[in-house]
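Note sheet for the following structure.
Predicted model only: the values in this text are computed from it and were never measured. In each ligand, atom 1 is the first atom listed, and ligand 1 is the first ligand listed.
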Amino acid sequence: MVPHQFPWEHDRRYNSYAEFFRKQFGRRIQKISVDAGFTCPNRDGTASMGGCTYCNNDAFNPSYCSPAKTILQQLSEGAEFHRVRYRRATNYLAYFQAYSNTYAPLAKLKQMYDEALSFPGVSGLVIGTRPDCIDNEKLEYFAKLAETHYIILEYGIESCYNRTLGRINRGHTFGQAQEAIRLTALHGIKTGAHIIFGLPGESESDMLAEAEILSQLPLNNIKFHQLQIVKDTAMAAEYASNPEDFLHFSLGDYIDFIIRFVEKLNPDFVIERFSGEVPPRFLAGPGWGLLRTDQVNVMIEKELEKRDTWQGKFYYSL
Ligand code: SF4
């Protein structure tokens, strides 16, 4: 039997990002990507050299987004880009996605983020970073901003297993991710996480067990991606020589997996995405063709309905 109301107080069968935002802001909010020219300690030798084995940040930036332009210029061009496509959006979140967006001295971060927040219509910041690129001083600055703006720090966790994190050369442990998320939440700042399914050496039951592990973290939002092996990466070479080490999900298998995962996931977590999309021309491994993430979402929602299940159906708080 379907409950009349889920804990997130709408009728969709998962704690949807779109609905969360509608409730939080009362209107449509558009994210605008900004590339502020940050680098990454996992590429410059601080944590390691060479980066994560799957990393190819260069391929997917929107056209308006380039560190050669000022932050205000990128926001202005991004707002125009989205205005043409989605006329209703008049409020924005500046999305700092490329590389590690807290990997700079505090004075530089202040200058950049204050600039972004000065753009008309920007209600907050979404800041992608690594667990080893944050400290108390930076968190205090973001906590101050969070008193008046929507501020979320999104951490790349990718896997809860240190053996996987070592193999993909993440340059940090799961313990560091847990600690960074805990500290961020303690400062009253929203926390997000990014997880990849299908990393080498992980079985389906390893990945399913992550639902319980992640559910214990003080997270607000979460994003999932199926692994997509991108050309010209170390992982593409690894896949070419050992394809049997990778569990590739067909679309049907992924939908089945994600539903079983979400059933065990903390219902308080807002799910931002279930899957990722990389243009097929960039792929060095199997993919799902030209299928868009919103089409995958529709299929997942239909399957949740068909199975009469929902996010957190089998979640038990420890
Ligand atoms: S942390 Fe991000 S930017 Fe740095 S190497 Fe890994 S995927 Fe690339």
Query - N/O/S from C55 sitting under 2.8 Å away from atom 4 (Fe) of ligand 1 - result: no
**Report entry** Cationic N near anionic O, under 4.0 Å, R307 to E263
**Finding:** no
Query raised in the report: Which atoms of ligand 1 have any heavy atom of C52 under 4.0 Å away?
Result: 1 (S), 5 (S), 6 (Fe), 7 (S)
Query raised in the report: Which is it for C40 and ligand 1 at heavy atoms under 4.0 Å: side chain, backbone, both or neither?
Result: side chain
Report summary line: With sequence neighbours left out, the residues meeting side-chain hydrogen bond (donor to acceptor under 3.5 Å, both in side chains) with D114 are Y141
Query raised in the report: With T46, which residues qualify under side-chain hydrogen bond (donor to acceptor under 3.5 Å, both in side chains), at least two apart?
Result: D44, Y103
Report task. Show which atoms of ligand 1 fall inside a sub-4.0 Å distance from at least one heavy-atom site of G51. Result -> 5 (S)
Query raised in the report: Is the centre of the F21 ring less than 6.0 Å from the centre of the Y150 ring?
Result: yes
Query - Per-atom contacts, ligand 1 versus Y99 - under 4.0 Å to a heavy atom - result: 3 (S)
Query raised in the report: Among R43, Q97, H172, R170, whose heavy atom sits nearest atom 2 (Fe) of ligand 1?
Result: R170
Query raised in the report: Any idea which atoms of ligand 1 are less than 4.0 Å away from a heavy-atom of R130?
Result: 1 (S)
Query - Within 6.0 angstrom of E137 CD, more than 12 heavy atoms from elsewhere - result: no
Query - Salt bridge present between E305 and K302 (N-O < 4.0 angstrom) - result: no
